[in-house]
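To start, the structure under review is shown below, and the notes come after it.
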Amino acid sequence: MNTRAIVFPLVVVMAAALACTLPGAAPPTPFAFPTPNQTLTAIFAPTAGATVAAPTAAATSTIAVTAIVTSASLPTSTSGALSSRPNGSPVAAAHLSTPPTIDGDLADWATATYSVSQVTYGAARWSGLNDASGVFYIGWDSSALYIAARVTDDQYVQISSGHDMYLGDSLEIQLDANLASDFYTVSLSSDDYQIGLSAGNFGSISPQAYRWYPSDKAGVPSGVTVGGKSTTSGYTLEAKIPWTVFGVTPAEGSRYGFTLSVSDNDSAGAAAQQSMVSSVSTRELFDPTSWGTLVLGE
């Protein structure tokens, strides 16, 4: 038989086979997972608000609703092997024999101060310590946790309230109420709290608090009192937060996951969270293992 007669049909068959589209022959287009936003902006979209003038004045707001909680149902955080996060130094809350007056005047605070200067969001929009930073005091008694902060802020802007207060100059705390039980859990659980504190605008918007987490308890937390005052370098803020808000029974030596942060907005008349500084550099919203540690002192 002629060799060319044999080869030519084979070439035709091979060409036809190569012309077919085979399943899986081409690699799939890779999918890029988005990087999670670890700030409140991952939850809420900015909302517009009216511009309000901010005269220098002191203001105090008290939420008078009383929560009914039985002591038998309240967990207590205790010290032990899993008692301290490796993020920064523990913050010691002083036991207060006399509670401070919640009015924004920090003259009645003489306890240790702790720095809030670690940029954890919006580093490109943070221009330094004069832009946003602060120090805070913290204390406790059997009824409440007390916080006072002196914030340095070169332009105070707060036109938002309620769950949108983070879109303006404000504070927030995160507290893991049962540190040992979920010490290695990298997601939020029912004992992880995030509470915002706003001094208002020293005029039409009153000082207030808002609880974002746990999400099933979101809203205005019962019994919280917030006071604020405008200063030449920024503002001061004081807050009394009943332990019932966190669902715990306090005791000397108790330890909790904890971070205090300051949100900054320099856009006059706009609602925006431009940057955030925190008490620990590792702070992430959704990861309690990135928070610091709070110890209830003597």
Side-chain angles (χ1 to χ4, degrees), residues 60-67 69 71 73-79 83-85 90-104 106 108-114 116 134-151 170-179 191-199 207-214 217 219-228 236-262 278-280 283 288 291-298:
T60 303
S61 175
T62 302
I63 302 163
V65 181
T66 301
V69 182
S71 58
S73 65
L74 302 179
T76 301
S77 178
T78 57
S79 59
S83 62
S84 187
R85 295 286 184 199
V91 169
H95 185 268
L96 304 177
S97 57
T98 303
T101 302
I102 307 301
D103 57 4
L106 308 191
D108 48 359
W109 285 88
T111 61
T113 59
Y114 297 91
V116 189
V135 295
F136 69 95
Y137 306 81
I138 189 164
W140 71 285
D141 60 20
S142 60
S143 64
L145 181 69
Y146 301 90
I147 292 172
R150 188 183 308 277
V151 180
S170 57
L171 273 64
E172 69 170 55
I173 65 168
Q174 291 162 291
L175 189 140
D176 181 351
N178 205 337
L179 181 59
D191 57 59
D192 297 322
Y193 290 80
Q194 181 189 31
I195 295 178
L197 304 169
S198 171
Q208 57 191 272
Y210 190 86
R211 178 170 49 200
W212 290 291
Y213 279 97
K217 299 178 182 177
V220 177
S222 300
V224 177
T225 305
V226 183
T236 58
L237 183 146
E238 286 182 291
K240 173 185 177 181
I241 308 174
W243 288 112
T244 52
V245 170
F246 303 114
V248 301
T249 299
E252 181 182 324
S254 293
R255 290 173 176 251
Y256 309 98
F258 179 81
T259 301
L260 186 144
S261 303
V262 173
S278 302
S279 57
V280 293
R283 178 265 182 201
W291 305 351
T293 306
L294 173 67
V295 183
L296 301 190
E298 297 180 359

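Numbers here are sequence positions counted from 1. These numbers come from the heavy atoms of this one structure, side chains and all, not from hydrogens, waters or symmetry mates.
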With a 3.5 Å distance limit and no angle check, can you tell me whether [X] reaches the backbone of [Y] through a side-chain donor-acceptor pair?
X    : Y    : result
R150 : L106 : no
T293 : R85  : yes
T259 : Q174 : no
T111 : Y137 : no

Which pair of heavy atoms, one from [X] and one from [Y], lies closest together, and at what distance?
X    : Y    : value
S279 : V116 : N-CG1, 4.1 Å
E298 : E252 : CG-OE2, 3.1 Å
R255 : L179 : O-CB, 4.0 Å
Y146 : W140 : CD1-CA, 4.0 Å
V248 : A177 : CG1-CB, 3.6 Å
G228 : P207 : N-CG, 4.1 Å

Test side chain to side chain donor-acceptor pair (under 3.5 Å) applied to S278 - qualifying residues, sequence neighbours left out: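 Once residues adjacent in sequence are excluded, the partners of S278 under the side chain to side chain donor-acceptor pair (under 3.5 Å) criterion are T120, S261.
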
Under the side chain to side chain donor-acceptor pair (under 3.5 Å) test, residues paired with D191 that sit two or more places apart: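 S189.
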
Pair W243-L145, side chain to side chain contact (heavy atoms under 4.5 Å, CB included): steps then yes or no: CA-CA 7 Å; W243 288 112; L145 181 69; 3.9 Å; yes

side-chain contact (heavy atoms from CB on, under 4.5 Å), paired with I173, selected from W291, F246, Y193: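 Per the side-chain contact (heavy atoms from CB on, under 4.5 Å) rule, the option paired with I173 is F246, out of W291, F246, Y193.
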
Just how far is it from atom [atom1] of [X] to atom [atom2] of [Y], taken to the nearest 0.5 Å?
X    : Y    : atom1 : atom2 : result
I195 : W212 : CD1   : CH2   : 9.5 Å
D108 : L96  : CG    : CG    : 9.5 Å
L294 : I138 : CG    : CD1   : 4.5 Å
L197 : T225 : CG    : OG1   : 11.0 Å
L237 : S198 : CG    : OG    : 7.5 Å
Y256 : L175 : OH    : CG    : 7.5 Å

Minimum side-chain heavy-atom gap L171-V151 below 4.5 Å: yes

P214 side chain reached by D192 side chain, heavy atoms, under 4.5 Å: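 Contact flag for D192/P214 side chains = no.
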
Under the ring pair (Phe, Tyr, Trp, His ring centres under 6.0 Å) test, residues paired with F136 that sit two or more places apart: Y114

Pair E238-W109, side-chain donor/acceptor within less than 3.5 Å: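 There is such a pair (donor and acceptor under 3.5 Å, judged by atom type) between the side chains of E238 and W109.
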
